[in-house]
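Note sheet for the following structure.
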Amino acid sequence: MKIGVALSGGKDSSLAAARLVREGHQVVGYHLLLSPERYSAIPPSVQAGKVREIGERLGIEIRFIDGREAFRREVMDAFAAAYRAGETPNPCVLCNRLFKFGLLFETAEAEGCRKLATGHYARTEDGVRPRLLKPIPPCRDETYFLFAIPPGRLDRLLFPLGGIPPEDIRKLSRELLPGFLPPPVSQEACFLSRTGLRRFLEDSLPRPEEPGEIVDVSGTVLGEHPGCHFYTVGQRKGLSSASGKRGPLYVIRVVPESNRVVVGEKSDLRARRFRAVSPNWLSIPPPDDPITAWTKIRYTHPEAESRITPREDGSLEIEFTSPQEAPTPGQAAVFYRHDVLLGGAWIKTVDG
RNA sequence: UGCCCGGUGGUGUAAUGGUAACACAUCGGCCUUUGGAGCCGAGUUUCGAGGUUCGAGUCCUCGCCGGGCAG
């Protein structure tokens with residue numbers, strides 16, 4: 001079978017491709033060019049070179065897809081807009097939806113690939129309605145980033161790494177890609193290096209350096225900040241001008257209208273209810289009535305029991321059984337039942 | 001002007017006359033397929049000038065600064 005593989009140049013996607021090659025499939029590697037040179041940690045040409053090298057090593061054809069203009073428009077602009085609105089964007093989810101499982105998927109499909117594989121740690125399950133599942137337990141679970149992918153494509157996706165235990169992945173790595181040196185894993189958003197984020201915001205935001213007040217939950221002014229887009233809910237660092245007393249301070253809210261950053265204790269971050277918009281249901285049909293599910297509000301959040309109520313306007317009301325720390329506008333809320341990712345939505349407002 | 005308190009890292013505080021400590025902040029590392037968080041580690045401090053004492057953040061004198069009382 002002809003299978004397309006999304007190849008980033010990293011270890012996981014290479015391994016996924018290697019596995020499919022070993023199984024005897026006709027594999028084509030697709031590499032997306034997304035990041036503008038100005039902001040990237042690794043120059044795109046260097047990354048492309050890595051991908052070519054992997055292609056040679058595996059003996060597969062490599063195709064490049066230039067998505068830079070659309071990426072700029074659809075992911076980076078949205079990223080900047082979120083900061084402007086005092087939200088905390090999650091570009092990975094958007095990029096997965098629009099590019100890896102969007103543009104790249106469509107390109108591979110048009111070129112005759114029956115399936116698309118990626119190196120994500122996740123699983124799919126066929127059936128009347130295909131489902132997206134978490135990987136086999138000790139593996140890190142990356143399904144959070146996949147909640148927004150188009151449901152109709154689930155049956156044509158392959159996650160070759162999601163079904164095998166980590167020790168086997170290491171073994172596979174030695175067998176299939178001996179001597180392969182993974183690039184440094186540590187990174188920010190893949191299209192921005194650490195310095196890139198700052199530069200990007202300076203380029204993209206009007207008057208980025210406008211100072212404002214740091215206030216506590218009762219409105220008392222505690223200090224000054226250099227610009228409210230440097231802050232996100234739950235953040236602890238960068239509050240030096242307000243600190244010194246009352247233990248560690250955390251950002252509770254960012255209010256761009258008044259250019260204020262509201263801070264408080266860690267316990268002030270806990271909230272039970274929030275509203276989420278633009279839901280995407282993957283493994284179940286969109287529900288008409290309230291359902292119970294376990295909701296995860298950030299990548300590393302241990303999902304918690306909740307009730308999800310669909311509203312007339314298409315948004316969702318989520319209520320946790322017990323308050324959770326720092327639901328944050330702009331982040332994804334992803335719903336699970338055991339191993340199954342039911343769907344997800346974007347956190348819009350937090351009610352308390 | 002008189003009297004009374006107080007002045008310790010960037011901030012808030014601690015230290016019977018005996019190695020100046022704690023929290024927050026800051027910096028570095030770890031963690032990490034988003035932003036945060038979390039974990040580990042580090043640096044930095046006694047308002048100034050004299051004096052008493054083996055030894056002063058601590059006691060004494062003067063000054064400077066901040067607050068209070070008296071008017």
Side-chain angles (χ1 to χ4, degrees), chain A residues 6 8-16 32 34-35 41-42 75-76 78-80 82-83 85-97 99-101 118-122 135 139-149 159 161-162 182-194 196-198 200-201 214 216 222-225 228-254 261 263-270 296-302 324-334 344 346-347 350:
Chain A
S8 67
K11 185 176 167 187
D12 292 335
S13 57
S14 309
L15 210 48
L32 273 169
L34 299 175
S35 177
I42 305 168
V75 175
M76 295 183 71
F79 186 79
Y83 271 99
E87 297 193 351
T88 306
N90 188 331
C92 294
V93 176
L94 206 53
C95 174
N96 281 334
R97 174 190 175 84
F99 290 88
K100 296 196 184 90
F101 301 94
T118 74
H120 289 102
Y121 290 90
C139 251
R140 72 169 174 272
D141 171 15
E142 296 177 337
T143 55
Y144 178 81
F145 296 106
L146 301 178
F147 97 80
I149 64 181
F159 300 110
L161 305 185
V185 286
S186 181
Q187 61 174 209
E188 310 298 304
C190 68
F191 60 98
L192 295 172
S193 63
R194 187 174 286 278
L197 173 67
R198 181 120 192 180
F200 174 66
L201 290 176
I214 299 175
D216 68 13
L222 299 182
E224 212 181 56
H225 65 73
C228 69
H229 57 269
F230 290 120
Y231 297 86
T232 182
V233 174
Q235 180 173 332
R236 180 176 169 178
K237 295 206 179 295
L239 265 16
S240 51
S241 68
S243 75
K245 339 168 180 193
R246 52 185 119 184
L249 249 31
Y250 296 83
V251 175
I252 308 300
R253 257 192 315 283
V254 177
V261 173
V263 300
E265 297 174 17
K266 194 163 195 176
S267 63
D268 294 324
L269 284 169
R270 289 151 62 79
K296 183 166 178 161
I297 52 175
R298 85 188 66 86
Y299 176 48
T300 54
H301 177 236
Q324 300 296 307
E325 209 157 274
T328 306
Q331 292 287 293
V334 180
W346 298 96
I347 301 173
V350 179

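Sequence lines set the chain letters: A, B, ... in the order given, protein chains first and strands last, and positions in each chain run from 1.
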Residues that [X] engages under side chain to side chain donor-acceptor pair (under 3.5 Å), provided they are two or more places apart:
| X | answer |
| --- | --- |
| A:T143 | A:D141, A:Y336 |
| A:D12 | A:Y121, A:R140 |
| A:Q235 | none |

Could you work out the separation of [N] and [M] based on their [atom1] atoms and round it to a whole Å?
| N | M | atom1 | result |
| --- | --- | --- | --- |
| B:U33 | B:U26 | C1' | 29 Å |
| B:U13 | B:C27 | P | 24 Å |
| B:G12 | B:G7 | P | 12 Å |
| B:C40 | B:U45 | C1' | 24 Å |
| B:A20 | B:U58 | C1' | 11 Å |
| B:C47 | B:A42 | C1' | 28 Å |
| B:G57 | B:U52 | P | 16 Å |
| B:A14 | B:G9 | P | 13 Å |

Round to the nearest Å and state the distance from [X] atom [atom1] to [N] atom [atom2].
| X | N | atom1 | atom2 | value |
| --- | --- | --- | --- | --- |
| A:H229 | B:G36 | NE2 | P | 13 Å |
| A:L94 | B:G35 | CG | P | 15 Å |
| A:I214 | B:G10 | CD1 | C1' | 14 Å |
| A:L239 | B:G36 | CG | C1' | 12 Å |
| A:L222 | B:U11 | CG | P | 16 Å |
| A:Y144 | B:G36 | OH | P | 14 Å |
| A:F147 | B:U34 | CZ | P | 16 Å |
| A:Y299 | B:G35 | OH | C1' | 14 Å |

Please enumerate all residues that pass salt bridge (charged side-chain N to carboxylate O under 4.0 Å, His left out) together with A:K237, with sequence neighbours excluded.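 For A:K237 there are no salt bridge (charged side-chain N to carboxylate O under 4.0 Å, His left out) partners, ignoring immediate neighbours.
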
What is the nucleic acid contact for A:V233, judged by heavy atoms within less than 4.0 Å: base, sugar-phosphate only, or nothing?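 Contact class for A:V233: base.
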
Determine the contact category for A:S8: base if any of its heavy atoms lies under 4.0 Å from a base atom, sugar-phosphate if only primed atoms, P, OP1 or OP2 are that close, otherwise nothing.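 Nothing, no heavy atom under 4.0 Å.
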
Decide yes or no for A:F230 and A:V261: does some side-chain heavy atom of the first lie under 4.5 Å from some side-chain heavy atom of the second?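 No, too far: nothing below the 4.5 Å cut-off.
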
Give every pair of a protein N or O atom and an N or O atom of nucleotides 37-43 of chain B that lie under 3.5 Å apart, one pair per line with the distance.
from  : atom 1 : to     : atom 2 : distance (Å)
B:A37 : OP1    : A:R236 : N      : 3.0
B:A37 : OP1    : A:K237 : N      : 3.2
B:G38 : OP1    : A:R236 : NH1    : 2.9
B:G38 : OP1    : A:Y250 : OH     : 2.6
B:G38 : OP2    : A:R236 : NH1    : 3.2

Phosphate OP1/OP2 of B:U34 contacted by A:R298 side-chain N/O (<4.0 Å):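 So the side chain of A:R298 is outside the cut-off, no N or O lying under 4.0 Å from OP1 or OP2 of B:U34.
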
Distance flag, aromatic centroids of A:H225 and A:Y231, threshold under 6.0 Å: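 Yes.
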
With sequence neighbours excluded, residues passing side chain to side chain contact (heavy atoms under 4.5 Å, CB included) with A:A326: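 Testing A:A326 for side chain to side chain contact (heavy atoms under 4.5 Å, CB included), a comparison that skips the adjacent residues, returns A:V233, A:L269, A:R298, A:T328.
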
Which class fits the ring pair A:Y299 and A:F145: parallel under 30°, tilted 30 to 60°, perpendicular over 60°?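 A:Y299 vs A:F145 ring planes: tilted.
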
